[in-house]
Visitor: 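Structure provided below as structure tokens; questions to follow.
When reading the values below, keep in mind they use all heavy atoms of this one structure, side chains included, and skip hydrogens, waters and symmetry mates.
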Amino acid sequence: MEQYECFWGTCPHYVVAINKDGTAGYIGLGVAKRIGPVALYLPQSAFTRIVRKLEAINFSKLQRSYATKNDGCKEVWSDQSAVTFYVTRGSKTQTVNLYYGCKLPSVSDKLAALAQLIDQVTGISPLLGRGQ
């Protein structure tokens with residue numbers, strides 16, 4: 001997952017990757033307390049929670065982008081951050097991008113919850129400077 005900065009420069013830009021074996025990594029790219037790479041190790045339950053969430057939101061059936069009215073957004077608010085999810089199964093990777101200014105509750109709320117779950121199970125809030 002890659003979370004991008006917002007227009008006002010107050011949103012952290014970072015990448016977090018999680019592997020089935022519990023190895024994971026974080027790279028702070030901007031506006032985060034920790035810039036650079038950090039190795040993470042997660043319990044199997046963390047990976048399982050993410051997989052269950054992906055299944056619950058039918059991730060494999062989502063379109064590639066939710067950013068404009070052409071993508072189905074009911075409203076589009078400016079100056080928001082965005083997040084891109086990369087899910088690899090076997091040799092295939094599916095990419096889904098959500099611009100947080102896209103208001104499409106049936107999808108945008110579920111993808112925002114997925115991003116929050118990933119942040120939670122990886123425990124990266126201190127690296128981002130949140131909850132301090």
Side-chain angles (χ1 to χ4, degrees):
M1 176 181 87
E2 182 169 4
Q3 178 74 51
Y4 301 93
E5 288 183 42
C6 51
F7 177 77
W8 298 105
T10 57
C11 307
H13 182 187
Y14 62 95
V15 175
V16 63
I18 304 163
N19 301 302
K20 185 176 185 177
D21 67 0
T23 59
Y26 158 93
I27 302 173
L29 300 169
V31 193
K33 183 174 182 179
R34 174 70 186 261
I35 303 296
V38 175
L40 305 169
Y41 303 96
L42 309 176
Q44 181 62 42
S45 61
F47 186 82
T48 301
R49 285 181 66 193
I50 294 168
V51 169
R52 285 187 185 142
K53 185 68 155 180
L54 290 167
E55 292 168 350
I57 66 172
N58 291 313
F59 188 86
S60 64
K61 298 197 186 305
L62 295 176
Q63 60 195 45
R64 290 184 53 98
S65 179
Y66 296 93
T68 67
K69 287 194 175 189
N70 288 339
D71 296 333
C73 304
K74 301 295 182 198
E75 297 179 41
V76 179
W77 300 354
S78 63
D79 305 336
Q80 302 294 306
S81 177
V83 61
T84 301
F85 300 95
Y86 305 89
V87 175
T88 302
R89 290 184 176 150
S91 62
K92 294 185 180 182
T93 299
Q94 180 182 356
T95 303
V96 175
N97 177 266
L98 170 66
Y99 173 63
Y100 284 115
C102 171
K103 301 306 171 192
L104 182 61
S106 62
V107 176
S108 55
D109 293 349
K110 292 174 184 176
L111 289 173
L114 174 61
Q116 290 174 341
L117 175 64
I118 291 170
D119 285 354
Q120 177 190 13
V121 301
T122 57
I124 63 172
S125 288
L127 300 173
L128 301 173
R130 295 180 182 152
Q132 312 254 330

Visitor: Donor-acceptor check, side chain of Q3 to backbone of A82, threshold 3.5 angstrom: yes or no?
Guide: yes
Visitor: Could you go step by step and tell me if I124 and L40 meet the side chain to side chain contact (heavy atoms under 4.5 Å, CB included) rule?
Guide: CA-CA 9 Å; I124 63 172; L40 305 169; 3.9 Å; yes
Visitor: Taking the side chain as every heavy atom from C-beta outward, state whether Q94 and R64 have any pair of such atoms under 4.5 Å apart.
Guide: no
Visitor: For residues Y14 and V38, determine if any side-chain heavy atom of one lies less than 4.5 Å from a side-chain heavy atom of the other.
Guide: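 SC-SC contact between Y14 and V38 ruled out.
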Visitor: For the pair D21 (side chain) and T23 (backbone), establish whether a donor and an acceptor sit closer than 3.5 Å, ignoring hydrogens and angles.
Guide: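 Here the side-chain-to-backbone pair exists.
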Visitor: Can you find a heavy atom in the side chain of L98 that is under 4.5 Å from one in the side chain of L114?
Guide: no
Visitor: According to the disulfide bond (SG atoms under 2.5 Å apart) rule, which pairs have a member within residues 35-106, sequence neighbours left out?
Guide: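 Only C73-C102 qualify under disulfide bond (SG atoms under 2.5 Å apart).
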Visitor: Could you check whether atom NZ of K69 has more than 12 heavy atoms from other residues, nucleotides or ligands sitting under 6.0 Å from it?
Guide: no
Visitor: Under the rule for side-chain contact (heavy atoms from CB on, under 4.5 Å), what residues qualify as partners of V87, not counting sequence neighbours?
Guide: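 By the side-chain contact (heavy atoms from CB on, under 4.5 Å) rule, V87 matches L54, F59, R89.
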Visitor: T84 side chain to N97 main-chain N or O, any donor-acceptor pair under 3.5 Å?
Guide: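 The answer is no, because no donor-acceptor pair under 3.5 Å joins these two groups.
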Visitor: Does R34 offer a backbone N or O that forms a donor-acceptor pair with the side chain of Y26 under 3.5 Å?
Guide: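 Indeed, once roles are kept as given, a pair shorter than 3.5 Å links the two residues.
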Visitor: With a 4.5 Å cut-off on side-chain heavy-atom distances among I, L, V, M, F, W and Y, is there a chain of contacts connecting Y99 to I118?
Guide: no
